[in-house]
Amino acid sequence: MKSNQANEYAALEQQQKERIFSPVERPKVTQELSENVILTTVDDLYNWARLSSVWPLLFGTACCFIEVAAMIGSRFDFDRFGLVPRSSPRQADLIITAGTINMKMAPALVRLYEQMPDPKYVIAMGACTITGGMFSADSPTAVRGVDKLIPVDVYLPGCPPRPEAIMDAIIKLRKKIANDSIQERDQMKQTHRYYSTTHKLKGVDPILTGKYLQSGTRQSPPPELAAAMGMPVSPAVLTAQKQEEGRG
């Protein structure tokens with residue numbers, strides 16, 4: 001009995017040594033069930049594949065994109081997260097709004113977001129993107145929060161956030177992707193993917209028509225300015241001025 005137990009202990013120790021020391025010979029096909037069978041769900045496998053290959057769009061509008069560019073470099077190397085920058089929105093599933101969004105850029109941002117295939121995600125990077133930042137008080141064109149245009153998944157504060165902060169935001173986004181469910185996607189799907197409202201604006205006549213270029217003061221200076229500068233005034237202008245004075 002004791003000899004059988006000793007043999008079993010010796011066999012277990014030998015197996016542990018082979019696992020720990022990683023022998024030089026070719027690996028043997030193990031018969032253990034735990035090393036040959038993987039149990040998972042379709043949700044977990046699908047989400048694992050998606051969170052390991054998040055492709056961000058090469059999009060930047062201001063100084064925050066410098067930090068994103070640093071992330072692409074070899075020092076931080078965000079390719080190890082499976083992030084491959086794409087220049088086409090139809091091949092991207094993540095957009096990092098790196099920089100101030102003004103009203104002139106807002107339609108282009110919404111157009112890029114709509115061209116991205118579902119499921120897609122947004123990281124609002126920087127104070128200017130989240131609240132308008134230092135432009136929120138004086139600028140008449142800065143958008144006070146990109147979430148007024150497109151839905152935001154992760155908010156990344158800072159001015160500007162360092163590359164380590166971007167990595168942390170991406171890790172949080174990966175956790176969110178890992179918790180997604182295929183069955184609940186249709187139920188949780190947003191009816192309106194971006195902020196929109198029915199405007200009540202009325203059309204008016206254009207102010208800048210180009211006719212001001214044809215005015216007389218554009219062709220020659222007014223008589224008061226010509227007299228002050230000592231320029232000769234044409235007789236026709238003097239005659240018209242005397243007539244007006246006579247009527248007065």
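Residue numbers count from 1 along this sequence.
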What is the distance from atom [atom1] of [X] to atom [atom2] of [Y], rounded to the nearest 0.5 Å?
| X | Y | atom1 | atom2 | result |
| --- | --- | --- | --- | --- |
| I95 | Q115 | CD1 | CD | 10.5 Å |
| L83 | L173 | CG | CG | 8.5 Å |
| T129 | I96 | OG1 | CD1 | 11.0 Å |
| T97 | L156 | OG1 | CG | 9.0 Å |
| L109 | E114 | CG | CD | 10.0 Å |
| K172 | I123 | NZ | CD1 | 10.5 Å |

Intermediate values then yes/no, side-chain contact (heavy atoms from CB on, under 4.5 Å), D147 and Y155: CA-CA 10 Å; D147 50 4; Y155 292 90; 3.0 Å; yes

Show the atom names and distances, to 0.1 Å, of all donor-acceptor pairs under 3.5 Å that link a side chain in residues 54-67 to residues at least two apart or in another chain.
from : atom 1 : to   : atom 2 : distance (Å)
T61  : OG1    : A98  : O      : 3.4
T61  : OG1    : G99  : O      : 3.4
T61  : OG1    : T100 : O      : 2.9

Single hit among K120, R111, M116 for side-chain contact (heavy atoms from CB on, under 4.5 Å) with P89: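 Result for side-chain contact (heavy atoms from CB on, under 4.5 Å) with P89: M116.
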
hydrophobic_cluster_shared for L45 and L51, side chain cutoff 4.5 Å: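 Per the 4.5 Å side-chain linkage, L51 and L45 are not co-clustered.
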
ILVMFWY cluster, F135 and L149 together (side-chain gap under 4.5 Å):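 No; L149 is not reachable from F135 via cluster members.
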
Got a list of side-chain donor-acceptor pairs under 3.5 Å for residues 68-82, not counting sequence neighbours?
from : atom 1 : to  : atom 2 : distance (Å)
R80  : NE     : F76 : O      : 3.1
R80  : NE     : D77 : O      : 3.1
R80  : NH2    : F76 : O      : 3.2

Donor-acceptor contact below 3.5 Å, side chain R144 vs main chain G132: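 The answer is no, because no donor-acceptor pair under 3.5 Å joins these two groups.
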
Side chain K148, main chain V143, donor-acceptor under 3.5 Å: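 Looks like no, no N/O pair under 3.5 Å.
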
Residue pair C159 / M134, side-chain heavy-atom distance below 4.5 Å: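 A side-chain contact under 4.5 Å is absent here.
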
Criterion side-chain contact (heavy atoms from CB on, under 4.5 Å) on M125 and I166, from CA distance to verdict: CA-CA 8 Å; M125 177 183 175; I166 307 174; 3.5 Å; yes

